[in-house]
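Okay, so here's the structure we're looking at.
Quantities reported herein were computed from a predicted structural model and do not represent experimental measurements. For this chain, numbers begin at 1 and follow the sequence in order.
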Amino acid sequence: MSGQTKTQVGYMRPPEHSRFKKGKSGNPKGRPKKQDDILSLTQKVLKRKVRPKGAEKQMPISEALIRKLRELALSGDRRAMDLQRRILEEAGAAQATEFDPQEKKQRILNAFRKMGVNVIDDGGGND
């Protein structure tokens, strides 16, 4: 050991050549990016803006598709009418038009009863 300082190797003292190098990451490429699922990919595409023929401003693709579907349905296309009806049903627009005030009154009274309020339903009101 002439002139060389030899570092000890053992428990919690790995050899110099196998230690982490300073300034170098242990994972240089990083974590791989997550693959987009079909739903998020579809949403991303439908949010992109386009300028339809004859329009002066841009709109999302989803809005342009709904407008085109409306035009086709108004021109008498049977398949477009059925598709538009299905879209409205799934969006919940059909339920929004059905309004039963008596049912709403009963839901409110039941909510009060669940809170512990003594409610007397005498049938009065603006029927």
For the student: nearest non-hydrogen atoms of V45 and I61, plus distance: O-CD1, 3.3 Å
Which donor-acceptor pairs under 3.5 Å do side chains of residues 77-85 form with protein atoms, sequence neighbours excluded?
unit_1, atom_1, unit_2, atom_2, d
D77, OD1, R79, N, 3.2
R85, NH1, E89, OE2, 3.3

Under the salt bridge (charged side-chain N to carboxylate O under 4.0 Å, His left out) rule, what pairs show up with a residue in residues 8-31, not counting sequence neighbours? E16-R19
Summary of salt bridge (charged side-chain N to carboxylate O under 4.0 Å, His left out) pairs that have at least one residue in residues 52-71, sequence neighbours excluded: E63-R67
In sequence, state the C-alpha distance, the side-chain angles, and the governing distance for R113 and N110, and then conclude on side chain to side chain donor-acceptor pair (under 3.5 Å). CA-CA 5 Å; R113 287 187 185 112; N110 289 337; 3.2 Å; yes
Which residues, ordered by chain and number, are linked to V119 in its hydrophobic cluster, where ILVMFWY side chains connect at heavy-atom gaps below 4.5 Å, directly or through other members? I108, L109, F112, M115, V117
Going by side-chain heavy atoms closer than 4.5 Å, which hydrophobic residues are tied to M12, directly or by a chain of links? Y11
Side-chain heavy atoms nearer than 4.5 Å, only ILVMFWY residues, links allowed to pass through others: does that put L65 and V50 together? yes
I need the full list of side chain to side chain donor-acceptor pair (under 3.5 Å) pairs touching residues 38-48, with sequence neighbours left out, sorted by first then second residue. D36-K44, D37-S40
